[in-house]
Asks: 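One structure, as C-alpha cells, below. Some questions next.
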There are 2 protein chains.
Amino acid sequence: MAIDPTDPRSPSRQIADELREEITSGRLAPGDALPSEKMLVGRFGTAPATARQAVRLLKEEGLVVAERGKGVYVKRQPPTIRLGSHRFSRQTRAEGKSAFEAEIERQGLEWGQEVLELAEVPAPEWVAEWLGVDAGATVFVRRRRNLVGDTPTQLADSYYRLDTVEDTAIRTPDTGPGGSYARLEEKGLTLERFREEIRIRMPTPTEVQGLRLTPGTPVAELRRIAFGASGPLEVLESVVSGDSHVFCYEFAAPE
Amino acid sequence: MAIDPTDPRSPSRQIADELREEITSGRLAPGDALPSEKMLVGRFGTAPATARQAVRLLKEEGLVVAERGKGVYVKRQPPTIRLGSHRFSRQTRAEGKSAFEAEIERQGLEWGQEVLELAEVPAPEWVAEWLGVDAGATVFVRRRRNLVGDTPTQLADSYYRLDTVEDTAIRTPDTGPGGSYARLEEKGLTLERFREEIRIRMPTPTEVQGLRLTPGTPVAELRRIAFGASGPLEVLESVVSGDSHVFCYEFAAPE
DNA sequence: CAGTGGTCTAGACCACCCA
DNA sequence: GGGTGGTCTAGACCACTGC
C-alpha cells in the first residue's frame with residue numbers, strides 16, 4: 001500500500017502500477033474517479049509532485065482523463081466506429097448515403113459533417129503523385145470534419161483533379177445524396193477499386209484541438225485513393241481519433 | 001525568443017511550440033540534439049522544471065527521444081514496414097516464406113523471429129468466438145516476437161483449434177518453410193479469405209518493454225482471422241509498433 | 001570528472017467546478 | 001468557499017554517458 005524504498009521501481013512508478021492494477025482488475029471501473037492528488041499523498045506518503053507524476057504516467061497510457069476542477073477519471077470507452085472495406089458499396093450510394101454516413105447509421109449513431117474549406121490549392125507532394133498530376137499542380141480540396149453525435153471523430157481532406165470535379169456539386173458545400181462518390185458516378189466516372197494506407201502516430205496540437213482528443217489518445221492517418229477506369233479519381237487524407245475507431249478489412253487469399 | 005508573459009499559452013507551451021517549430025521547419029533535423037535543459041533555462045529564463053515540462057510535451061507527441069546521460073534528440077524515422085493484403089499470397093508460401101518474412105525481404109530488410117511460448121491455453125473470449133469454439137475451451141497458442149534487423153517490431157499470438165494443428169510442425173518451434181499457413185495447406189486446409197481488424201492505442205508497460213518502444217509511440221493491435229472452406233483456421237492477435245509500420249489494403253468497389 | 005536527463009522535495013498561485 | 005487539477009519556483013540527489 002505504501003512506498004517500498006527497496007523496490008527498484010521509483011515511487012511514482014509504484015503508485016502508477018498500483019493504480020493501473022486497480023483499473024485493469026476492475027476495482028476502479030470506467031467513469032470512476034481516481035483518488036485525488038492529496039489522497040495519494042496521504043496514502044503513499046510522498047510529495048505532491050510524485051503523486052502527480054504517477055497520474056501523469058497513466059494519462060500518457062491513455063487509461064485516465066483529468067477534468068479540470070473535478071478530478072481524474074478512468075477513461076470510458078467511446079462507442080466504436082467500424083470503418084470497413086464494405087462501406088463503399090454502390091448500393092449504399094443508391095440509398096442516398098455517403099460511405100461514412102452509412103457506416104455510422106448502420107450502428108444506430110447520429111451523424112454530422114462540417115465543411116471547413118473548399119478551395120483550389122497546390123497539390124502536396126504525395127497527393128500529386130497519387131493523383132497523377134505534376135508536383136505543385138492546382139487541385140481541388142474539400143476539407144471537412146465528421147461528427148458522431150456532437151463529438152468530432154474525423155478530419156478528412158479530399159483532393160480531386162480540377163477536370164474531375166468540374167461542374168459537380170463536389171465543389172459546393174452540400175454534395176447531395178450519396179456524397180461525392182455518387183456525383184462522380186453520375187458523371188460516368190465509375191469507382192472500380194480502392195487503396196488504403198493506415199499510419200499510426202500521436203496527434204499534433206492542431207489535431208488535438210480539432211478532434212477534442214484527450215492526452216494519451218493516438219490517431220490514425222488514413223490515406224485512400226479511389227480508382228476509376230481511367231485512373232485515380234480522388235485522393236483522401238483523413239485523421240481519425242484512435243480511441244473510437246476500428247478498421248476492418250476482408251479479402252480473399254491472393255494467388 | 002524569450003517567454004512572453006502576456007501570451008495566453010503557458011511558458012512551457014511557448015517553449016514547446018518554439019522547439020516544435022524548429023523541428024517541423026527542419027532547423028532541427030532528425031538525429032539532432034535539442035538544447036539541454038540548462039541551455040533552455042538560460043535561453044528562456046524559466047525554472048529548470050518548466051523547461052523539462054516543455055521537453056516532456058514533445059516526448060509525448062513522439063517528436064523527440066531522450067537518451068539517459070546524453071541528451072534529447074529529434075526522433076529518426078525508422079524504416080517503414082508495409083503490411084499489405086497481398087502478403088498472404090500462396091505463391092509466397094510456395095517459395096518457402098511466411099507472410100511476414102516475405103514482406104520484410106521484399107523491402108531488403110533482415111528478418112528474425114523468437115518463439116516465446118507454445119502452449120495449450122483456455123481460449124480468451126474473443127478468440128473462442130472467432131474460432132467457433134466454446135468459451136474457455138482449450139486452444140493451441142504460438143506466441144512469438146518478430147524482429148527486423150535486431151529491433152523487435154511485432155508481438156504475435158496465433159490461436160488454433162487443437163484438431164487443426166494436430167500432428168503438424170505448427171506445434172513445434174520451427175514451423176518449416178512457408179510458415180504455419182504452408183503447414184495448414186499441406187494438410188488440405190486451404191486458406192480462402194482473411195478478415196483483419198486494426199485498433200489503435202497506447203502500449204502497456206509490458207509492450208513498451210517487449211517492443212523497446214520509446215515514450216510517445218502508439219501501437220496498433222491487429223486481429224486477423226484466416227478462413228478455410230470449413231470455417232476459421234487461425235486467429236491472430238498482433239501488437240505492432242506504430243512508428244515503423246504502414247498498413248496497406250487494396251480492394252475492388254463492392255456492389 | 002563534467003554534463004546529461006530522471007526523479008524527488010516542499011512549497012506557491014491560478015482557473016475551474018460544484019455545492 | 002473548499003476541493004480539484006495545471007503550472008511554476010528553487011532547489012536536491014542519482015545514474016548514466018563520454019571524455
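Within every chain, numbering begins at 1; the chains are lettered A, B, ... in the order of the sequence lines, protein sequences first and strands thereafter. Because the structure is a prediction, the values reported are computed rather than measured.
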Asks: Between B:Ser10 and D:dG6, is there a contact of a side-chain N or O with OP1 or OP2 at under 4.0 Å?
Replies: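 Checking B:Ser10 against D:dG6: no side-chain N or O falls below 4.0 Å of OP1 or OP2.
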Asks: From CZ of A:Phe44 over to C1' of C:dT9, roughly how many Å is that when rounded to an integer?
Replies: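 The answer, rounded to whole Å, is 18 Å.
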Asks: Among residues 61-68 of chain B, which ones have heavy-atom contacts with DNA chain C below 4.0 Å?
Replies: B:Ala66, B:Arg68
Asks: Heavy-atom count check: over 12 atoms from other residues, nucleotides or ligands less than 6.0 Å from B:Glu110 CD?
Replies: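 Open: at most 12 neighbouring heavy atoms sit under 6.0 Å from CD of B:Glu110.
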Asks: Give the minimum heavy-atom separation between B:Ile15 and B:Leu40, together with the two atoms involved.
Replies: CG2-CD2, 4.5 Å
Asks: Whole angstroms only, please: what is the CD-P distance between B:Glu60 and C:dG6?
Replies: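 Rounded to the whole Å, the gap is 13 Å.
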Asks: How about CZ on A:Arg76, more than 12 heavy atoms from neighbouring residues, nucleotides or ligands closer than 6.0 Å, or not?
Replies: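 Atom CZ in A:Arg76 is not crowded, with 12 or fewer foreign heavy atoms closer than 6.0 Å.
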Asks: Decide whether A:Arg144 and A:Ser158 meet the rule of one side-chain donor and one side-chain acceptor closer than 3.5 Å.
Replies: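 A:Arg144 vs A:Ser158: donor-acceptor pair found between side chains.
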Asks: Counting only side-chain nitrogens and oxygens, does A:Thr50 get under 4.0 Å of the OP1 or OP2 atom of C:dT9?
Replies: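 Indeed, a polar side-chain atom of A:Thr50 lies that close.
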Asks: Does A:Ala49 or A:Pro35 map to a spot on DNA chain D nearer the 5' end, using the closest nucleotide for each?
Replies: A:Pro35
Asks: Mind checking whether A:Leu57 and B:Pro205 have side chains closer than 4.5 Å, heavy atoms only?
Replies: no
Asks: Which one, D:dG5, C:dG5, C:dT7, comes nearest to the side chain of A:Val72?
Replies: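 When the side chain of A:Val72 is considered, D:dG5 is the closest of D:dG5, C:dG5, C:dT7.
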Asks: Look at the side-chain N and O atoms of A:Arg52 and state whether any lies under 4.0 Å from the OP1 or OP2 oxygen of D:dG6.
Replies: yes
Asks: Holding to ring-ring contact (aromatic ring centres under 6.0 Å, His included), I want the full list of residues that pass it with B:Tyr249, two or more places apart in sequence or in another chain.
Replies: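 Residues passing ring-ring contact (aromatic ring centres under 6.0 Å, His included) with B:Tyr249: A:Tyr249.
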Asks: In whole angstrom, what separates B:Gln53's CD from D:dG5's C1'?
Replies: 13 Å
Asks: Using the rule side-chain contact (heavy atoms from CB on, under 4.5 Å), only one of A:Thr153, A:Leu155, A:Thr206 pairs with A:Leu211; which is it?
Replies: A:Leu155
Asks: Please state how far atom CG in B:Leu40 lies from atom C1' in D:dC8, giving the value in whole angstrom units.
Replies: 16 Å
Asks: Nearest nucleotide by nearest heavy atom, which residue falls closer to the 5' end of DNA chain C, A:Arg13 or B:Ser36?
Replies: B:Ser36
Asks: Quick one: label B:Pro48 by what it contacts on the DNA or RNA (base, sugar-phosphate, nothing), any heavy atom closer than 4.0 Å.
Replies: nothing
Asks: Below 4.0 angstrom from OP1 or OP2 of D:dG18, is there any side-chain N or O of B:Lys70?
Replies: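 Looking at the OP1 and OP2 atoms of D:dG18, one of them is under 4.0 Å from a side-chain N or O of B:Lys70.
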Asks: Which residue, B:Glu37 or A:Ala51, contacts DNA chain C at a nucleotide closer to its 5' end, judged by nearest heavy atom?
Replies: B:Glu37
Asks: Rounding to an integer number of Å, can you tell me how far A:Leu34 CG sits from D:dG6 P?
Replies: 12 Å
Asks: Taking only the side-chain nitrogens and oxygens of A:Ser12, find out if one of them lies under 4.0 Å from OP1 or OP2 of C:dT7.
Replies: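 Indeed not, no polar side-chain atom of A:Ser12 lies that close.
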Asks: Nearest whole angstrom, please: distance from the P of C:dG3 to the CE of B:Met39.
Replies: 13 Å
Asks: Using atom CZ of A:Arg56 as one end and atom C1' of D:dC8 as the other, report the distance to the nearest whole Å.
Replies: 13 Å
